[in-house]
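Scroll down for the structure; my scribbles are underneath it.
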Amino acid sequence: MIILMLGAPGAGKGTTSKVLSEALNIPHISTGDIIRDIIKSNNEESKLLSSYIDEGKLVPDDVIEKIIEERVSEDDCKNGFVFDGFPRNKNQIIICNHVLEKIGKQVDLVLNLDVSNETIIKRLENRRICLNCKSIYNLRNPSMTPKVAGLCDKCGHELIQRSDDKKEKVEFRIKVYEKETKPIIAYYEKTGKLVNLDIKEDESVEQTVENILHYIGKKGKNDNN
Ligand code: AMP
């Protein structure tokens, strides 16, 4: 199954994709995580990529295309995957269709996490991440706070605030989202594969994933009819 996870920064794409991919036993492919890994490795590409990410700007499409092409050709992608944060503009829809066509697959489901701007801002300011195992925490959500302040529950590494989650960058990223990414929802709406999920501020990730799994189960039954 190939799932695309859409939504504004801070809508919960990463956390939801992670839990969903575990439930479906398919990999979670986050272009943001892959870019942060490249930056961490401190090679020639790192400087260029960190200049985009730190500013909250989109990384050029040719870089994203290469990342996606390489990742989907890996063995663990045979049974599908969850794309988190890709595609992010109209040109990346073309890239996505092209890359999937090359491996003989197509998108099955597009999930759009709809969250108010007010919630997004609160979530991003309080988000902390582990660069090692990619776990995501939130300091104002009791079910998402680390057991030991500043340290990852899963691997013990230090938690950080992403440079682009700082208050002054968040507003810009929301603008980039509105201009570049939001318009792609209309494309997927026309394909009939889009499901809009209206996320309440206090809704848990587990609840969202349960709703998605319920929907997929139902859809599977209808498809067989
Ligand atoms: P994310 O972790 O999805 O919030 O992405 C963090 C940052 O990585 C974005 O603000 C962009 O700078 C970059 N990025 C991630 N995915 C993409 C993409 N599909 N296209 C362009 N830039 C991306």
Side-chain angles (χ1 to χ4, degrees), residues 2-18 20-21 27-41 45-72 81-100 107 110-113 115 117 119-138 159-185 187-188 199 205:
I2 294 186
I3 300 176
L4 310 187
M5 190 71 71
L6 305 182
K13 298 188 295 297
T15 329
T16 309
S17 301
K18 215 170 210 263
L20 184 62
S21 80
H28 162 212
I29 303 181
S30 154
T31 39
D33 279 347
I34 297 173
I35 295 166
R36 281 183 288 275
D37 275 344
I38 299 173
I39 292 174
K40 221 171 49 170
S41 68
E45 223 182 350
S46 306
K47 259 195 193 147
L48 174 79
L49 292 184
S50 63
S51 68
Y52 286 100
I53 225 174
D54 288 348
E55 292 300 317
K57 291 179 185 157
L58 294 187
V59 164
D61 291 343
D62 57 334
V63 177
I64 298 295
E65 182 169 13
K66 193 167 155 261
I67 287 174
I68 290 292
E69 261 198 314
E70 278 176 17
R71 184 62 185 92
V72 300
F81 36 83
V82 182
F83 271 153
D84 157 18
F86 170 81
R88 225 155 166 132
N89 60 27
K90 282 187 178 165
N91 189 45
Q92 289 186 18
I93 296 176
I94 300 169
I95 294 173
C96 182
N97 290 343
H98 180 66
V99 169
L100 293 183
V107 171
V110 184
L111 300 166
N112 180 43
L113 304 183
V115 181
N117 276 5
T119 303
I120 284 168
I121 291 166
K122 274 191 221 155
R123 280 190 184 171
L124 289 179
E125 279 174 15
N126 291 286
R127 176 161 71 180
R128 297 294 180 270
I129 64 160
C130 171
L131 279 177
N132 183 50
C133 74
K134 323 288 184 245
S135 295
I136 303 168
Y137 296 86
N138 196 293
L159 301 179
I160 60 143
Q161 181 179 32
R162 282 170 42 174
S163 58
D164 57 344
D165 278 351
K166 303 229 160 90
K167 210 173 177 178
E168 60 276 17
K169 301 286 164 63
V170 166
E171 224 168 86
F172 180 75
R173 285 169 63 210
I174 292 174
K175 277 191 190 139
V176 172
Y177 168 76
E178 301 272 346
K179 185 165 175 266
E180 303 276 340
T181 311
K182 209 173 178 184
I184 75 175
I185 295 172
Y187 168 86
Y188 286 112
I199 311 292
V205 181

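Each ligand, and each atom within it, is numbered from 1 in the order the structure gives.
Lys134 has no carboxylate O lying under 4.0 Å from a charged side-chain N of Asp33, or vice versa, which leaves the two without a salt bridge.
In this structure a side-chain-to-backbone donor-acceptor pair under 3.5 Å is present from Asn138 to Arg123. At least one donor-acceptor pair under 3.5 Å links the side chain of Thr181 to the backbone N or O of Arg88.
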Identify all pairs of nitrogen or oxygen atoms, one from ligand 1 and one from the protein, separated by less than 3.5 Å, and list them with distances.
from: ligand 1; atom 1: 2 (O); to: Arg36; atom 2: NH1; distance (Å): 3.1
from: ligand 1; atom 1: 2 (O); to: Arg36; atom 2: NH2; distance (Å): 2.9
from: ligand 1; atom 1: 2 (O); to: Arg162; atom 2: NH1; distance (Å): 3.2
from: ligand 1; atom 1: 3 (O); to: Arg88; atom 2: NH1; distance (Å): 2.9
from: ligand 1; atom 1: 3 (O); to: Arg88; atom 2: NH2; distance (Å): 3.3
from: ligand 1; atom 1: 4 (O); to: Arg88; atom 2: NH2; distance (Å): 3.4
from: ligand 1; atom 1: 4 (O); to: Arg162; atom 2: NH2; distance (Å): 3.0
from: ligand 1; atom 1: 5 (O); to: Arg88; atom 2: NH2; distance (Å): 3.4
from: ligand 1; atom 1: 12 (O); to: Lys57; atom 2: O; distance (Å): 2.6
from: ligand 1; atom 1: 16 (N); to: Thr31; atom 2: OG1; distance (Å): 2.8
from: ligand 1; atom 1: 16 (N); to: Arg88; atom 2: NH1; distance (Å): 3.2
from: ligand 1; atom 1: 19 (N); to: Gly85; atom 2: O; distance (Å): 2.9
from: ligand 1; atom 1: 19 (N); to: Gln92; atom 2: OE1; distance (Å): 3.0
from: ligand 1; atom 1: 20 (N); to: Gln92; atom 2: NE2; distance (Å): 2.9
from: ligand 1; atom 1: 22 (N); to: Val59; atom 2: N; distance (Å): 3.0

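The salt bridge (Lys or Arg N to Asp or Glu O under 4.0 Å) search around Asp164 returns Arg162, Arg173, not counting sequence neighbours. For Lys18, the salt bridge (Lys or Arg N to Asp or Glu O under 4.0 Å) criterion is met by no residue, not counting sequence neighbours.
Each salt bridge (Lys or Arg N to Asp or Glu O under 4.0 Å) pair with one or both residues in residues 174-183, not counting sequence neighbours, appears once here: Glu178-Lys182.
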